[in-house]
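Throughout, protein chains are lettered first and strands after them, A, B, ... in sequence-line order, and every chain is numbered starting at 1. The shown structure was predicted, so the numbers you read here are calculated from the model rather than taken from an experiment.
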2 protein chains.
Amino acid sequence: MKEPKKYHIIQEYIKKRIQGGEYAIDSYLPSENDICKKFGTTRTTVRKALDELLKEGFIAKEHGKGSKVIARRKSLGLLTIKGFSGAIDYEVDTILTKKPDISTWDPVIAFALTEEEERSACVYFQRVRHINGSPVVLENNWYALNALEMIKPDDFIDGSFFKTLSQKYFIEVMGAEQELRAITASEEIAKSLKIATGDPILHISVRFRTSKPNLNLYGDLYCKTTDYPIRNTYFG
Amino acid sequence: MKEPKKYHIIQEYIKKRIQGGEYAIDSYLPSENDICKKFGTTRTTVRKALDELLKEGFIAKEHGKGSKVIARRKSLGLLTIKGFSGAIDYEVDTILTKKPDISTWDPVIAFALTEEEERSACVYFQRVRHINGSPVVLENNWYALNALEMIKPDDFIDGSFFKTLSQKYFIEVMGAEQELRAITASEEIAKSLKIATGDPILHISVRFRTSKPNLNLYGDLYCKTTDYPIRNTYFG
DNA sequence: AAGTGGTCTAGACCACGCG
DNA sequence: GCGTGGTCTAGACCACTTT
């Protein structure tokens with residue numbers, strides 16, 4: 001019944017090649033006319049596919065030059081470590097403080113789990129992000145084991161879970177919901193972030209939705225915002 | 001030299017009518033074919049115009065039914081009061097605690113002003129948002145007087161500055177940058193929000209960019225997040 | 001001048017919602 | 001069945017970038 005749409009086929013074809021590194025970042029895609037020939041279609045359809053990739057943040061269009069593959073940095077809320085002020089200027093190191101392991105769902109998760117997730121065991125891991133050698137974010141993560149095999153410590157690409165998902169599993173983060181609160185640091189958190197117990201801390205609970213049905217990523221973050229406030233940008 | 005683009009003309013035509021209330025919220029726009037006839041063009045062009053309005057968050061498309069005008073609620077960061085958890089369920093009251101008046105730029109503003117703004121006087125006002133009768137957000141706002149006349153207390157539509165801008169001046173908020181910090185409440189803030197001095201508070205500094213060149217809105221918010229955490233959602 | 005993306009025309013057929 | 005939006009074709013001309 002459901003005919004696959006041509007533009008969608010083209011879109012996914014190109015996306016896989018970007019995710020796999022075949023179309024490298026900062027390089028240009030084949031021209032619209034070349035893509036037309038390859039898929040035996042018209043520019044309208046090819047442009048629709050490219051428009052989708054543009055919306056998803058995989059490419060940028062340059063009039064007279066071509067469609068350039070860009071580092072995916074669509075501001076997905078505050079969580080992408082790139083969302084930090086000057087994450088590009090500063091050196092951000094990610095340390096895996098608790099290796100991925102099978103665990104039970106933690107009650108701190110601020111979102112209701114699906115029935116599917118309730119039934120499944122979950123994978124838990126913890127990381128601490130450092131800027132200039134000092135810890136700024138403590139991050140707990142969970143996901144349902146029945147939606148994705150257990151990730152191995154070596155699988156993290158540059159300490160990033162999202163990059164791993166994209167390049168190894170071709171899974172993209174599609175959206176997120178988050179809850180922010182200002183709280184005082186518990187003893188444990190204070191210790192991890194090298195601050196005093198009772199200092200104000202930004203607490204972020206987040207659920208990421210992915211392109212893989214049933215796979216959500218849950219996060220629980222504690223951010224020391226005194227030196228590095230959380231910054232983000234939205235645009236029309 | 002610069003030919004006005006047809007789709008852009010159509011886009012602006014419809015936008016003005018939505019902003020002015022001529023195309024009411026929850027009503028349907030004329031069909032694509034009707035718009036084609038009205039402007040003597042083809043569906044490709046009309047659909048391009050509608051796509052832009054879709055991206056801007058003015059309309060939603062419903063297959064088989066039409067294009068519906070929606071309340072503009074594009075998640076522009078955390079600041080739209082609608083970003084609060086259940087702002088639709090709870091009753092949000094906005095109280096103007098300091099009427100718009102000419103002032104000097106406050107040094108708490110976390111963003112660099114343009115030269116144009118530096119030269120201009122600025123308009124300052126303060127509001128407190130209440131949910132169920134209890135204060136949850138203290139909000140300071142500034143904008144350059146030379147970019148927009150001084151707004152009058154009666155001009156606020158439902159206590160909203162954005163609605164006023166849209167419906168009275170046809171100015172839309174195009175984007176925002178913000179900085180978030182967890183801090184402890186000063187005596188003054190504690191008093192306004194009826195909490196204890198030293199309680200953790202979420203501080204948000206924001207700059208809104210508008211469709212009117214040179215007009216930026218600066219905000220400085222203090223949010224009591226214990227009972228009403230800030231929530232927001234992103235989608236692919 | 002040649003190649004790229006941006007806009008636009010004038011059609012066609014399909015999938016969805018509703019009476 | 002009819003009107004709506006969704007997809008697609010096969011062209012055309014324009015604006016921008018590079019050689």
Side-chain angles (χ1 to χ4, degrees), chain A residues 1-15 17-18 22-70 174 235-236, chain B residues 1-15 17-18 22-72 174 235-236:
Chain A
M1 277 290 99
K2 299 214 302 186
E3 286 279 305
K5 289 155 204 162
K6 267 197 178 183
Y7 79 82
H8 196 249
I9 293 168
I10 300 171
Q11 176 189 348
E12 293 303 316
Y13 174 92
I14 295 172
K15 190 194 287 185
R17 266 147 197 83
I18 292 173
E22 210 164 323
Y23 292 153
I25 285 169
D26 282 339
S27 70
Y28 289 89
L29 295 183
S31 77
E32 296 181 353
N33 281 314
D34 286 349
I35 300 173
C36 289
K37 282 174 208 154
K38 179 171 186 69
F39 287 94
T41 184
T42 56
R43 271 186 72 210
T44 312
T45 302
V46 168
R47 284 177 62 77
K48 169 79 174 162
L50 295 179
D51 272 358
E52 294 298 318
L53 292 168
L54 188 67
K55 278 192 227 167
E56 292 185 73
F58 285 98
I59 64 170
K61 296 199 156 201
E62 297 175 9
H63 195 171
K65 297 181 77 177
S67 298
K68 187 191 258 183
V69 179
I70 56 175
M174 307 298 286
F235 53 94
Chain B
M1 275 293 98
K2 297 215 300 187
E3 286 278 305
K5 289 156 204 164
K6 268 197 177 183
Y7 79 81
H8 195 249
I9 293 169
I10 299 171
Q11 176 189 349
E12 293 302 317
Y13 175 92
I14 295 172
K15 190 193 289 185
R17 266 148 197 81
I18 291 174
E22 208 163 326
Y23 291 154
I25 285 169
D26 282 339
S27 70
Y28 289 90
L29 296 183
S31 78
E32 296 180 354
N33 280 315
D34 286 349
I35 300 173
C36 289
K37 280 173 208 154
K38 178 170 186 71
F39 286 93
T41 184
T42 55
R43 271 185 72 208
T44 312
T45 303
V46 168
R47 283 177 64 76
K48 169 79 174 163
L50 294 179
D51 272 356
E52 294 297 318
L53 292 169
L54 187 67
K55 277 193 226 168
E56 291 186 75
F58 285 99
I59 64 171
K61 297 198 155 200
E62 296 175 9
H63 195 172
K65 297 181 75 176
S67 298
K68 186 191 260 184
V69 179
I70 56 175
R72 204 150 172 280
M174 306 300 285
F235 53 95

query: Taking only N and O in the side chain of Y7(A), is any of them less than 4.0 Å away from OP1 or OP2 of dT7(D)?
result: yes
field: Heavy-atom closest contact (V46(B) atom, C36(B) atom, distance)
entry: CG2-SG, 3.7 Å
- prompt: Between CD of E56(B) and CE of M174(B), what distance do you get to the nearest 0.5 Å?
  reply: 5.5 Å
- request: Measure the distance from NZ on K5(B) to C1' on dC14(D) and round it to the nearest whole Å.
  value: 11 Å
message: According to salt bridge (charged side-chain N to carboxylate O under 4.0 Å, His left out), who are the partners of E12(B), at least two apart in sequence or on a separate chain?
response: K15(B)
- line: Heavy atoms of L50(B) and S67(B) approach each other most closely as CD1-OG, 4.0 Å
- prompt: Out of curiosity, F39(A) CZ to I14(A) CD1, how far, rounded to the nearest 0.5 Å?
  reply: 6.5 Å
message: Distance check needed: dC14(C) P versus H8(A) NE2, whole Å only.
response: 22 Å
- request: Would you kindly give the CD-to-C1' distance between E52(B) and dG6(C), to the nearest whole Å?
  value: 12 Å
message: Could you tell me how far apart R47(A) (CZ) and dT4(C) (C1') are, to the nearest whole angstrom?
response: 11 Å
message: At a heavy-atom distance below 4.0 Å, what parts of residues 59-66 of chain A sit against DNA chain C?
response: K61(A), E62(A), H63(A), G64(A), K65(A), G66(A)
- line: Closest heavy-atom pair, T45(A) versus K6(A), reported as atoms and distance to 0.1 Å, is CG2-CB, 3.9 Å
task: Nearest 0.5 Å please: distance from the CD1 atom of I10(A) over to the CD atom of E52(A).
output: 12.0 Å
task: Nearest whole angstrom, please: distance from the P of dC8(C) to the CD of Q11(B).
output: 11 Å
message: Applying a 4.0 Å non-hydrogen cut-off, can you work out what Y28(B) is touching in the nucleic acid: base, sugar-phosphate, or nothing?
response: nothing
statement: Here the gap from N33(B) atom CG to T42(B) atom OG1, rounded to the nearest 0.5 Å, amounts to 10.5 Å
- request: Grab the two heavy atoms, one from L54(A) and one from K61(A), that are nearest each other, plus how far apart they are.
  value: CD1-N, 4.1 Å
- request: Rounded off to whole Å, could you give me the NZ-to-P distance for the K68(A) and dG5(C) pair?
  value: 13 Å
- request: Check the distance between dT7(C)'s P and I9(B)'s CD1 and give it to me in whole angstrom.
  value: 13 Å
Find every protein N or O atom lying less than 3.5 Å from an N or O atom of nucleotides 9-13 of chain D, and list the pairs.
residue, atom, partner, partner atom, Å
dT9(D), OP1, K6(A), NZ, 2.7
dT9(D), OP1, T41(A), OG1, 3.4
dT9(D), OP2, T41(A), OG1, 2.3
dT9(D), OP2, T42(A), N, 3.4
dT9(D), OP2, T42(A), OG1, 3.2
dT9(D), OP2, T45(A), OG1, 2.9

field: Distance, rounded to the nearest Å, where L29(B) contributes CG and dT4(D) contributes P
entry: 12 Å
